[in-house]
Number of protein chains: 2
Amino acid sequence: MKPEKRAPLDRGRVADTALRLLNEVGLEGLTLRAIARELDVKAPALYWHFKDKQALLDEMATEMYRRMAAGAALDPADTWRERLLKINRGLRGALLGYRDGARVFSGSRFTGADHGPELEANLRLLTESGLTLAQAVHAGRTTHLYTLGFVTEEQGVRPHPDERREGYDVAERARRLAGYPLAAEAGKLLFDDYDQQFEEGLELLIAGIAARYGAG
Amino acid sequence: MKPEKRAPLDRGRVADTALRLLNEVGLEGLTLRAIARELDVKAPALYWHFKDKQALLDEMATEMYRRMAAGAALDPADTWRERLLKINRGLRGALLGYRDGARVFSGSRFTGADHGPELEANLRLLTESGLTLAQAVHAGRTTHLYTLGFVTEEQGVRPHPDERREGYDVAERARRLAGYPLAAEAGKLLFDDYDQQFEEGLELLIAGIAARYGAG
DNA sequence: ACATCTCCTTAACAGCGTTAAGTGGCGTCG
DNA sequence: CGACGCCACTTAACGCTGTTAAGGAGATGT
């Protein structure tokens, strides 16, 4: 009967476990007690590694970013269009990989400088394509915020594959907007094929960058 | 010594009071007990008017929308560019008018069909400018989600005029990103002049709509 | 007059993030 | 060897949260 002692925790193990649990219970179910239970520990133990829950969420967001960056093949020969597409498709994919991923991500701040290298590489590629640094920042920032807004909305309606938030299906919306024919018709377009709608928005942004900043 | 009886509550009074209180205490301080206290009532009384807190937040978001729509002059002679600019500037202004406005707004769903008329008018104007309905929906949706993403970020860094979130000023960011010159330089551009940055993003989107959908 | 409906109160519940204090095991030092 | 001290955690508790159950006062209807 050995008690089989656990190895001590560290920030990484906690964040990993919390991310796994996030997908099972969602953000509102992600309590410190639940995370601790998963780690075979009591809740206050987490305060040894994180000063409060937000610090843990920050670490989770940072880890989400690290995994996203690790999975992205950054071809230095990309055109700026391809790079912006890859960045934002990758970001959306990463956020969709976690329940409430967008809410966790945009409510948090990175804990380290892990994003430095990729940010630098992206800015370099954009500026070498003929954009000024300010233009590159605007382009990156605008697409980034669009993507965050998009996925936030997407996950609000559909927190995870399967399961829809109650009281917001197309039929009910159509009933409430009867009398507004264009609005009602628009509803059909609004709740299907998120992939293609996301792409369309990205294309709009990229067309705008090309037009306004005169980049090839 | 008259007890000076209160008039009975209704959903509107509750939502109005909650919105006023939101600006004083922020979303995390907006508890049912605090709202009830403001209304000279006990917390469970609110459950007579709303089935749960989310229903109250939904009503608040709807009221935010109503006030925004009421303050917007919708000139039928607008070009589609002007209209999209007005809509999204108005939305941003409305969200910035409340502490955590963007989080409340994008976490909620409208309770009625108040948005019907304006949505219909906007879609009509866009389609009469030569866009297909699908294009109009894409244009409106993309700008809308950009604006929500932008203000969410903006209010995350600066929840209200004054008061910044701790641990994220430009100096600390620059220190962490030393060694990444473009990224460090970009930081200066990232945290100042939100108004102008918002405008720039909007212009990118509008340029993209013009270019991709070939509208005048 | 009694019953009904409306709107609110009191009391309580489980669960939350968080803090304070204590405790067992380990490494180091006298 | 024994004592000290640090690490990583536990136990206990606090004030707070959203929410439910039960009841009660006051107007309204018959």
Side-chain angles (χ1 to χ4, degrees), chain A residues 1-19 21-22 24-61 99-100 103-104 107-109 111 165-167, chain B residues 1-19 21-22 24-61 99-100 103-104 107-109 111 165-167:
Chain A
M1 285 300 176
K2 284 184 286 188
E4 200 65 40
K5 269 216 135 329
R6 260 190 321 85
L9 264 47
D10 61 66
R11 294 175 60 97
R13 281 247 326 278
V14 177
D16 289 350
T17 303
L19 279 174
L21 188 61
L22 177 63
E24 298 171 16
V25 300
L27 184 53
E28 89 177 4
L30 191 75
T31 69
L32 294 180
R33 285 171 172 85
I35 298 166
R37 192 180 317 125
E38 210 76 4
L39 289 162
D40 205 26
V41 139
K42 308 295 171 179
L46 301 176
Y47 284 81
W48 183 259
H49 303 279
F50 298 93
K51 82 174 234 287
D52 58 15
K53 189 181 184 182
Q54 184 56 53
L56 168 54
L57 290 168
D58 289 349
E59 188 65 41
M60 291 169 66
R99 179 129 65 127
D100 300 317
R103 292 225 316 275
V104 171
S108 304
R109 304 282 162 191
T111 56
R165 179 164 165 198
E166 55 178 310
Chain B
M1 286 297 180
K2 283 184 286 187
E4 200 64 41
K5 270 216 133 328
R6 263 188 321 83
L9 262 46
D10 61 68
R11 293 173 62 96
R13 280 246 329 277
V14 177
D16 289 351
T17 303
L19 279 174
L21 189 60
L22 176 64
E24 298 171 17
V25 299
L27 183 54
E28 89 178 4
L30 192 75
T31 68
L32 294 179
R33 285 172 172 83
I35 298 166
R37 192 180 319 125
E38 210 76 4
L39 290 162
D40 205 26
V41 139
K42 308 294 170 179
L46 300 176
Y47 283 81
W48 182 259
H49 303 279
F50 298 92
K51 83 175 231 291
D52 58 15
K53 189 181 184 181
Q54 185 55 54
L56 168 54
L57 289 167
D58 288 349
E59 188 65 41
M60 290 169 66
R99 179 128 65 126
D100 299 316
R103 294 227 312 278
V104 171
S108 305
R109 303 281 162 193
T111 56
R165 178 164 166 199
E166 55 179 311

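Numbers restart at 1 for each chain; the letters A, B, ... are given by sequence-line order, proteins then strands.
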Q: Go along nucleotides 16-24 of chain D 5' to 3' and tag each nucleotide: B for a protein heavy atom under 4.0 Å from its base, S when only backbone or sugar atoms are that close, - otherwise.
A: -BBBB----

Q: Please examine the side chains of Leu32(A) and Leu56(A), heavy atoms only from C-beta on, and report whether any two atoms are closer than 4.5 Å.
A: yes

**Q.** Leu46(A) side chain reached by Leu39(A) side chain, heavy atoms, under 4.5 Å
**A.** yes

Q: Considering non-hydrogen atoms only, spot the tightest contact between Gln54(A) and Gly107(A) and give its length.
A: NE2-O, 3.4 Å

(Q) Quick check for you: to the nearest 0.5 Å, what is the distance between Leu57(A) atom CG and Leu22(A) atom CG? (A) 9.0 Å

Can you check the [X] [atom1] to [N] [atom2] distance for me, whole Å?
{"X": "Asp10(B)", "N": "dC8(C)", "atom1": "CG", "atom2": "C1'", "value": "15 Å"}
{"X": "Leu9(A)", "N": "dC9(D)", "atom1": "CG", "atom2": "C1'", "value": "10 Å"}
{"X": "Leu46(A)", "N": "dT19(C)", "atom1": "CG", "atom2": "C1'", "value": "14 Å"}
{"X": "Glu28(A)", "N": "dG15(C)", "atom1": "CD", "atom2": "C1'", "value": "12 Å"}
{"X": "Lys42(A)", "N": "dG24(C)", "atom1": "NZ", "atom2": "C1'", "value": "16 Å"}

Q. Is any side-chain N or O of His49(B) closer than 4.0 Å to OP1 or OP2 of dT6(C)?
A. no

Q) According to a strict under-4.0 Å criterion, is Trp48(B) in side-chain N/O contact with OP1 or OP2 of dC8(C)? A) no

Q: Go through the steps to decide whether Leu21(A) and Glu24(A) satisfy the test side-chain contact (heavy atoms from CB on, under 4.5 Å), and finish with yes or no.
A: CA-CA 5 Å; Leu21(A) 188 61; Glu24(A) 298 171 16; 3.8 Å; yes

Q: Report the residues that fulfil side-chain hydrogen bond (donor to acceptor under 3.5 Å, both in side chains) with Thr111(B), sequence neighbours left out, ordered by chain and then residue number.
A: Glu59(B), Thr62(B)

